Amino acid sequence: APRSTREQSRSPKGEQASTFINAFDQLQLLYKVAGVERRCMTQFPGVGAFLSSASVHGEEICRCLFSILSGDKVFMDIGHGQGETALLVAHLFPSSRVLGMEKIDELDQESRLLLKAAEQTGFVRPGQVAFYHNDFRDEASLKLMGQAQVLFYYSEGAYHVEELARAIV
């Protein structure tokens, strides 16, 4: 029998939902460890709204990834917010490498606190996840995107979908 959520990540489809829910519950505890309050909806003047992914969206994302994110592939979360999706993907796919980029200072700082807690508690491997504080439109970001086999951008409430499409084409 699997000993941990990480070992269950390769389980049959029937167990994927419970594996994700278990990982999502563990992630919620990391907010307490990190001393960070989970944001649900925050308006940032001049930038737009931050809307955290609902667990049902995360579950759907991970269900899709089970078929494509195997081996040592790189997943990038563009606009990673507090880092929730990136950390879940890293946890559920322990051989993957996960990158995230976030433009908003406050969210970037919170994501780094969560990442530190995730590494300290063993939720993710040290060095498996790297967060970058930058805008997807700059040259460094484009180079980072070029490393990824999977790009993720949660666009609800975002203002830059068309700009992102132009940047990655």
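As the structure is a prediction and not an experimental result, all values here were calculated from the model.
- With sequence neighbours left out, F131 forms a ring-ring contact (aromatic ring centres under 6.0 Å, His included) with H80.
- Closest heavy-atom contact between M76 and L144: CE-CB, 3.5 Å.
- No side-chain donor-acceptor contact under 3.5 Å links Q82 to the backbone of L114.
- Separation of atoms CD1 (I78) and OG1 (T85) is listed at 12.5 Å; rounding is to 0.5 Å.
- Residues forming a side chain to side chain contact (heavy atoms under 4.5 Å, CB included) with E37 (at least two apart in sequence, or on another chain): none.
- Using a 4.5 Å heavy-atom threshold, the side chains of Q26 and T121 count as separate.
- If you chain together hydrophobic residues whose side chains sit under 4.5 Å apart, L88 and V36 fall into the same group.
- Between S96 and V98, the closest heavy-atom pair is OG-CG2, 3.8 Å.
- From E119, atom CD reaches atom CZ of R125 across 10.0 Å, with rounding to the nearest 0.5 Å.
- Both M145 and V74 belong to a common hydrophobic cluster when Ile, Leu, Val, Met, Phe, Trp and Tyr are linked at side-chain heavy-atom distances under 4.5 angstrom.
- To the nearest 0.5 Å, atom CZ of residue F123 and atom CG of residue L87 are 6.5 Å apart.
- Applying the side chain to side chain donor-acceptor pair (under 3.5 Å) test to D135 and every residue at least two apart in sequence or in another chain returns K103, R137.
- Using a 4.5 Å cut-off between side-chain heavy atoms of Ile, Leu, Val, Met, Phe, Trp and Tyr, with links allowed through other members, V124 and L29 fall into different hydrophobic clusters.
- If you take NE2 on H91 and CG on N22, they are separated by 6.5 Å, rounding to the nearest 0.5 Å.
- Minimum interatomic distance between L151 and A148 (heavy atoms only, all atoms of both residues): CD2-CB, 3.9 Å.
- Between L99 and Y132, the shortest heavy-atom distance links the atoms CD2-CE1, 4.0 Å.
- The heavy-atom pair separating E84 from Y31 by the smallest distance is OE1-OH, 2.6 Å.
- Both L115 and F24 belong to a common hydrophobic cluster when Ile, Leu, Val, Met, Phe, Trp and Tyr are linked at side-chain heavy-atom distances under 4.5 angstrom.
- Between D108 and R112 the shortest side-chain heavy-atom distance falls below 4.5 Å.
- Note that the OG atom of S111 and the CD1 atom of I104 stand 11.0 Å from one another [nearest 0.5 Å].
- The NZ atom of K32 lies 11.5 Å from the CG atom of L30; values are rounded to the nearest 0.5 Å.
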